[in-house]
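What you see is a predicted model, and the numbers here were worked out from it, not measured in a lab.
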Amino acid sequence: MTVKYLPNILTIIRILVIPILILAFFLEGKLAHWVAAALFIFASITDFFDGYLARLYKVQSKLGTMLDPIADKLLVATVIIMLVHFADGDLFITIPGLVILFREIFVSGLREYLAAINVSMPVSNLAKWKTGIQMTALALLILGEQGTGLIITEIIGKAGLIIAAIITLITGFAYIKKSAAHV
């Protein structure tokens, strides 16, 4: 295997981890939370490294450019849906989760439209911060009090998810504003 294919392989692995992650949510006990969190963290790390390696070795591909954001959205959407399902109506998970999902779908559609008219919409630094906060919050919520035995894990996870949702709204409006001239 050459380095040329490694970024796409990491992206595909991220997608393949998702069904296993879903199954882990249905397991019971403390270990199940740690397994699900470990799978999510592993998948999140592949998200960083696929892009990093593609740029480092100059092996960006059309497949990777198309597949990477899909893998990202599938991973985040899956975890949010699973957390909402198991949250028993907890609005501190449901509302920020829905805000994040709405923005992800909307911005993806907007980017697809802009790409069709040859307009690039680069990811902002604030959006990168949002992703980091969001991934950390989701990992903490997967662990939860049941995984760590500490209520603070869940409190920090919920606070992080709310912060990520607020930043999601800010960056979503920024993308709309930047694209308004092209729509």
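For the atom pair Leu98 CG and Thr94 OG1, the distance stands at 6.5 Å (nearest 0.5 Å). The distance from the CD1 atom of Ile95 to the CD1 atom of Ile100 is 12.0 Å, given to the nearest 0.5 Å. Remark: Asp47 CG to Leu10 CG distance equals 10.0 Å, nearest 0.5 Å. With rounding to the nearest 0.5 Å, the separation of CG in Leu67 from CG in Leu74 is 9.0 Å. To the nearest 0.5 Å, the span separating CD1 on Ile133 from CD1 on Ile167 amounts to 4.0 Å. Between the CG atom of Leu169 and the CZ atom of Phe102 there is a distance of 9.5 Å, given to the nearest 0.5 Å.
Linking ILVMFWY side-chain heavy atoms closer than 4.5 Å, directly or via other members, places Met82 and Leu143 in two distinct hydrophobic clusters. Criterion: ILVMFWY side-chain heavy atoms under 4.5 Å apart, direct or through other members. Under it, Trp129 and Ile156 are not part of a common hydrophobic cluster. Linking Ile, Leu, Val, Met, Phe, Trp and Tyr whenever their side-chain heavy atoms come within less than 4.5 Å leaves Ile162 and Val84 in two separate clusters. Under a hydrophobic clustering in which Ile, Leu, Val, Met, Phe, Trp and Tyr are joined whenever their side-chain heavy atoms come within less than 4.5 Å, directly or via other members, Ile22 and Ile81 fall into the same cluster. Ile9 and Ile18 fall within a single hydrophobic cluster, where Ile, Leu, Val, Met, Phe, Trp and Tyr side chains are chained together by heavy-atom contacts under 4.5 Å.
Judged by distance alone, the side chains of Arg103 and Thr171 do bring a donor and an acceptor atom under 3.5 Å apart.
Glu145 is not listed as a side-chain neighbour of Leu150, based on a closest heavy-atom distance of 4.5 Å or more. Contact check for Asp90 versus Lys158: side-chain heavy atoms found under the 4.5 Å cut-off. Side chains of Met121 and Val107 form no contact here, defined as non-hydrogen atoms less than 4.5 Å apart. At a threshold of 4.5 Å between non-hydrogen side-chain atoms, the residues Ser124 and Pro122 do not count as touching. Put simply, the side chain of Ile15 does not reach to within 4.5 Å of the side chain of Leu75, judged on heavy atoms. Residues Val59 and Leu53 fail the side-chain proximity criterion, which asks for heavy atoms closer than 4.5 Å.
Within the structure, ring-ring contact (aromatic ring centres under 6.0 Å, His included) pairs that include any residue of residues 29-48 comprise Phe48-Tyr52 (at least two apart or interchain). Residue pairs that meet the side-chain hydrogen bond (donor to acceptor under 3.5 Å, both in side chains) test with at least one member in residues 12-24, sequence neighbours left out, are Arg14-Thr46, Arg14-Asp50, Arg14-Asp68, Arg14-Asp72. Residue pairs satisfying the ring-ring contact (aromatic ring centres under 6.0 Å, His included) criterion with at least one member in residues 71-97, sequence neighbours excluded, are listed as follows: Phe26-Phe86.
Listed by chain and number, the residues in a salt bridge (Lys or Arg N to Asp or Glu O under 4.0 Å) with Glu104 are Lys73, Lys130 (sequence neighbours excluded). Partners of Phe173 under the ring pair (Phe, Tyr, Trp, His ring centres under 6.0 Å) rule, at least two apart in sequence or in another chain, do not exist in this structure. With sequence neighbours left out, the ring pair (Phe, Tyr, Trp, His ring centres under 6.0 Å) criterion links Phe49 to no other residue.
For Gln146, the CD atom counts as loosely surrounded, since its 6.0 Å shell holds 12 or fewer non-hydrogen atoms of other residues, nucleotides or ligands.
Contact record, Ile93 with Ala87: CD1-CB, 3.9 Å, taken as the closest heavy-atom pair. Closest heavy-atom contact between Leu110 and Tyr175: CD2-O, 3.9 Å. Minimum interatomic distance between Gly64 and Asn8 (heavy atoms only, all atoms of both residues): CA-OD1, 3.1 Å. Considering all non-hydrogen atoms of both residues, Glu154 and Gly144 come closest at OE1-CA, 4.0 Å. Between Ala137 and Gly157 the shortest heavy-atom distance is CB-O, 3.4 Å. In this structure, Val17 and Ala43 approach most closely via the heavy-atom pair CG1-CB, 4.3 Å.
The residue from Leu83, Leu138, Leu140 that alone fulfils the side-chain contact (heavy atoms from CB on, under 4.5 Å) condition with Leu161 is Leu138.
Judged by distance alone, the side chain of Thr153 and the main-chain N or O of Gly149 form no donor-acceptor pair under 3.5 Å. Of the possible polar contacts, none joining the Ser179 side chain to the His182 backbone as a donor-acceptor pair under 3.5 Å is found.
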